[in-house]
Protein chains: 2
Amino acid sequence: MDYNTMCPKYEVTIDIIGKKWTGLIIRVLLGGSRRFKDIKKQIPEMSDRMLTERMKELEAVGIVARHVYPETPVRIEYDLTEKGKSLRSVIDAIQCWSEEWVEDCKLQK
Amino acid sequence: MDYNTMCPKYEVTIDIIGKKWTGLIIRVLLGGSRRFKDIKKQIPEMSDRMLTERMKELEAVGIVARHVYPETPVRIEYDLTEKGKSLRSVIDAIQCWSEEWVEDCKLQK
C-alpha cells in the first residue's frame, strides 16, 4: 500500500466513520437489526438528538437502511446495508487492536 | 465477535483514532519517520495548531514517538511506536473498504 500520498477515497471514509459515535453505532448494528432504543442501550452516553443525526448521515451515505413496519404502534428498525456490513473488517480490526493494546487501567473514567 | 455488548476497550480506541485528522496522520506515519512539514504536505487542510495538538495526544497514548536530533538547525521527526505500527491493520482495512465502496463522484468537493 502507498502511504506516501493521501488517498481521497480514504479521506471520504475517515470523514464518515471517524465522526463521534459512528464507530460505536456501526459496531452495534453488526449485531443485526436494531430499534433506536436498542442502540441507545449499548451507547447510553449518546443523546437522542445525536443518534438521530448520525443515523440520518449513515442512511444518506448508504451504510444504514431504515425500515418502517406499519404495525400499531409503528415499529422502526435500522440495519446495515451490504456496504455497511462490509465495514465489519474495519470494526474487527479496531476490536483486535484494542484487545492487544488498550490497558485495563485506562478504562477507569 | 460479540456485538451485543459494547466493549470499553473498543470505546477507548474509537476515542483516540476517531478524532478529526488522526486517521489521516497515522496513515502518513505508516510511510515512515516524518517531519512536521512532511505530514502537513499530505494533509494541507489541517492547521498547524491542530496537527500540534493531535501529535501531543498521540504521543501521550504511546502511538507516536517524537525524536529530537540536536543538529543545526535542530531536526524533529515523528514516527509510530510498535503500538502505532500495529494500527496498520485498521488503516489498511479502511483503505480496502474505501476502494471498494467510495465512488469517484463523491470525491468532487
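A, B, ... follow the sequence lines: proteins, then strands. Residue 1 opens every chain.
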Note to self: Set out, in order, the CA-CA distance, both residues' side-chain angles and the distance that settles side-chain contact (heavy atoms from CB on, under 4.5 Å) for A/W101 and B/E82, then state yes or no.
What the structure shows: CA-CA 10 Å; A/W101 292 100; B/E82 212 50 47; 4.2 Å; yes

Roughly how far apart are [X] [atom1] and [Y] [atom2], rounded to 0.5 Å?
X	Y	atom1	atom2	answer
B/I94	A/S89	CD1	OG	9.5 Å
A/R27	B/N4	CZ	CG	9.0 Å
A/W97	B/K83	CH2	NZ	5.0 Å

Given a strict heavy-atom distance threshold of 4.5 Å, which part of [X] is in contact with chain A: side chain, backbone, both, or neither?
X	result
B/I43	side chain
B/E100	neither
B/I39	neither

Next item on the list: Check whether any side-chain heavy atom of A/D92 lies under 4.5 Å from a side-chain heavy atom of B/Y3, and answer yes or no.
Entry: yes

Side chain / backbone / both / neither for [X] at chain B, heavy atoms under 4.5 Å:
X	value
A/S86	both
A/L29	neither
A/D2	backbone

Next item on the list: Mind checking side chain to side chain contact (heavy atoms under 4.5 Å, CB included) for B/E71 and listing every partner two or more places apart, or none if nothing turns up?
Entry: B/Y69, B/R75

